[in-house]
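The structure appears below as structure tokens.
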2 protein chains.
Amino acid sequence: MDEKHYSIGEFANMTGLSTYTLRYYEQEDLIVPQRDENNRRYYTVLDLKWIGFLLHLKGTGMTMEQIEDYVSLRKQGDQTIDERIDLLKNVQKDSLAKIEEMQKNLKVLSDKINWYEGKKNNTINDDFETYQNRINQGDQKDE
Amino acid sequence: MDEKHYSIGEFANMTGLSTYTLRYYEQEDLIVPQRDENNRRYYTVLDLKWIGFLLHLKGTGMTMEQIEDYVSLRKQGDQTIDERIDLLKNVQKDSLAKIEEMQKNLKVLSDKINWYEGKKNNTINDDFETYQNRINQGDQKDE
DNA sequence: TTACAACTTAAAGTTAACTCTAAGTCAATT
DNA sequence: AATTGACTTAGAGTTAACTTTAAGTTGTAA
């Protein structure tokens with residue numbers, strides 16, 4: 001099983017990454033495809049899952065460097081599991097904070113849109129600041 | 001009122017931006033401070049609110065270019081309100097999509113952490129893929 | 001046999017959004 | 001008198017994460 005082989009070109013199409021990027025990731029030790037009898041790279045469905053996971057990590061805001069650290073820990077075996085957990089928990093925390101921050105920013109944006117709409121149809125006369133204060137009565141504001 | 005004046009250095013401290021950045025934003029027409037009798041920039045509390053709003057826009061993922069477009073529309077007066085609403089709604093849509101994407105990525109990350117913890121204390125024997133499938137039974141997966 | 005896809009190394013280019021330097025001026029403060 | 005902070009223009013440097021080019025090699029396919 002798992003015997004299907006994909007060339008770098010095919011794999012690029014499957015993952016949405018360019019062949020350049022795939023080679024670049026390999027240079028950074030993030031993926032290590034196997035080689036055929038002509039020294040050509042080939043990727044398998046396992047590589048596909050792995051890349052999928054990497055892209056999820058990237059998508060949380062993890063930098064290449066952090067991902068490289070994580071991959072390096074993985075290579076060192078099970079005794080690094082606690083370190084990996086620590087690393088991922090840190091990323092989790094940062095990612096959560098980032099999402100919350102974005103939600104705050106989005107809230108201001110949405111308020112602004114509503115304010116514009118209200119201005120247009122004359123249901124709002126306040127200036128934006130006043131409108132915000134009125135509409136967000138009782139909300140906690142930290143920062 | 002609103003008579004307090006802040007030098008660029010003070011204003012940099014208040015906003016967390018550098019004086020370089022402030023001058024750069026000015027170059028890009030994002031803020032236009034006033035000048036005193038010696039041609040020195042000064043900023044007011046209105047500028048502070050404005051920068052605050054800009055930073056919220058930035059925080060939604062809006063690029064400088066989009067912000068510059070928005071500011072340019074503002075300068076053209078009330079007849080551009082519809083365009084501004086369109087622009088902001090687009091940003092809102094993108095920002096929301098981005099947040100949702102990040103939440104998906106964070107979910108995978110959290111699953112991974114839980115999987116590691118479960119592996120550590122022997123409450124999980126599945127490999128990660130199997131664990132994910134088991135734990136996320138009945139979830140929609142689009143993409 | 002011509003084209004195509006992959007292979008290599010090394011290095012340069014790209015993008016956004018700053019960030020900093022140079023080099024000289026000016027006004028206020030110590 | 002010296003320091004400090006701000007002013008100017010123009011241009012160079014920074015960072016991350018690719019992206020592309022060069023320049024030559026090799027194997028498979030039409």
Side-chain angles (χ1 to χ4, degrees), chain A residues 4-44 47 51 53-72 91 94-95 98 101-102 105, chain B residues 4-44 47 51 53-72 91 94-95 98 101-102 105:
Chain A
K4 188 101 215 290
H5 293 189
Y6 304 99
S7 72
I8 193 170
E10 288 171 322
F11 197 66
N13 285 334
M14 293 161 74
T15 55
L17 301 173
S18 70
T19 58
Y20 298 129
T21 304
L22 252 8
R23 291 198 198 91
Y24 166 69
Y25 280 1
E26 184 175 346
Q27 221 173 263
E28 304 296 312
D29 293 320
L30 299 192
I31 352 159
V32 188
Q34 293 176 266
R35 299 294 181 128
D36 69 11
E37 62 284 1
N38 292 316
N39 198 37
R40 302 254 180 108
R41 290 167 182 83
Y42 69 83
Y43 301 81
T44 69
D47 294 309
I51 281 283
F53 180 60
L54 283 193
L55 293 181
H56 279 299
L57 292 187
K58 287 216 90 218
T60 62
M62 228 171 145
T63 62
M64 288 296 280
E65 213 187 334
Q66 286 176 307
I67 296 179
E68 285 164 30
D69 288 349
Y70 173 73
V71 171
S72 156
V91 173
D94 292 351
S95 180
K98 210 164 169 179
E101 172 99 38
M102 282 198 68
N105 294 323
Chain B
K4 188 99 215 293
H5 291 188
Y6 304 100
S7 73
I8 192 169
E10 288 171 323
F11 197 67
N13 285 334
M14 293 161 73
T15 55
L17 300 173
S18 70
T19 57
Y20 298 129
T21 304
L22 252 7
R23 291 199 197 92
Y24 167 67
Y25 282 0
E26 185 175 343
Q27 220 172 262
E28 303 298 311
D29 293 320
L30 299 192
I31 352 159
V32 188
Q34 293 177 267
R35 300 294 181 129
D36 70 11
E37 62 283 0
N38 292 316
N39 197 36
R40 302 253 178 106
R41 290 167 181 84
Y42 69 83
Y43 300 82
T44 68
D47 295 308
I51 280 283
F53 180 61
L54 283 194
L55 293 180
H56 279 299
L57 292 186
K58 287 217 89 216
T60 61
M62 228 171 144
T63 63
M64 289 295 280
E65 213 187 335
Q66 285 176 308
I67 297 179
E68 286 165 30
D69 288 349
Y70 173 73
V71 171
S72 155
V91 174
D94 292 350
S95 180
K98 210 163 170 180
E101 173 100 37
M102 282 197 70
N105 294 323

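The structure displayed is predicted, hence computed values, not measured ones. Letters go in sequence order (proteins before strands), and every chain restarts at 1.
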Tell me the interatomic distance from B/Ile67, atom CD1, to C/dA16, atom C1', rounded to whole angstroms. 12 Å
Would B/Ile51 and B/Phe11 count as a side chain to side chain contact (heavy atoms under 4.5 Å, CB included) here? Give the steps. CA-CA 10 Å; B/Ile51 280 283; B/Phe11 197 67; 3.9 Å; yes
Distance, rounded to the nearest Å, where A/Tyr42 contributes OH and D/dG27 contributes P: 18 Å
Phosphate contact (D/dG5 OP1 or OP2) by B/Arg40 side-chain N/O below 4.0 Å: no
Which comes earlier along DNA chain D counting from the 5' end, the contact point of A/Lys58 or that of B/Arg35, where each point is its nearest nucleotide? B/Arg35
Check for a donor-acceptor pair, side chain of B/Asn39 on one end and backbone N or O of B/Arg35 on the other, with a separation under 3.5 Å. no
Verdict with supporting geometry, B/Tyr70 and B/Met62, side chain to side chain contact (heavy atoms under 4.5 Å, CB included): CA-CA 10 Å; B/Tyr70 173 73; B/Met62 228 171 144; 4.1 Å; yes
Pull out every residue in residues 6-34 of chain A that has a heavy atom closer than 4.0 Å to any atom of DNA chain D, ordered by number, or say none. A/Ser18, A/Tyr20, A/Thr21, A/Tyr24, A/Tyr25
Where is the tightest heavy-atom contact between A/Met102 and B/Gly59, given as atom of each residue plus distance? CG-O, 3.8 Å
Are OP1 or OP2 of C/dC26 and a side-chain N or O of B/Asn39 less than 4.0 angstrom apart? no
Please give, in whole Å, the distance from C/dA16 P to B/Leu57 CG? 19 Å
Starting at the 5' end of DNA chain C, which residue's closest nucleotide do you reach first, B/Glu37 or B/Thr63? B/Thr63
So that I can tick it off, tell me whether A/Glu10 and A/Arg40 are bridged by a salt bridge, with the cut-off set at under 4.0 angstrom between side-chain N and carboxylate O. no
Measure the distance from CD on B/Glu65 to P on C/dT15 and round it to the nearest whole Å. 12 Å
Rounded to the nearest Å, what distance is computed from the CZ atom of residue A/Arg41 to the C1' atom of nucleotide C/dA6? 8 Å
Given the rule in the side chain to side chain contact (heavy atoms under 4.5 Å, CB included) test, do B/Val91 and B/Leu57 qualify, once you have shown the distances and angles that lead to the verdict? CA-CA 9 Å; B/Val91 174; B/Leu57 292 186; 5.9 Å; no
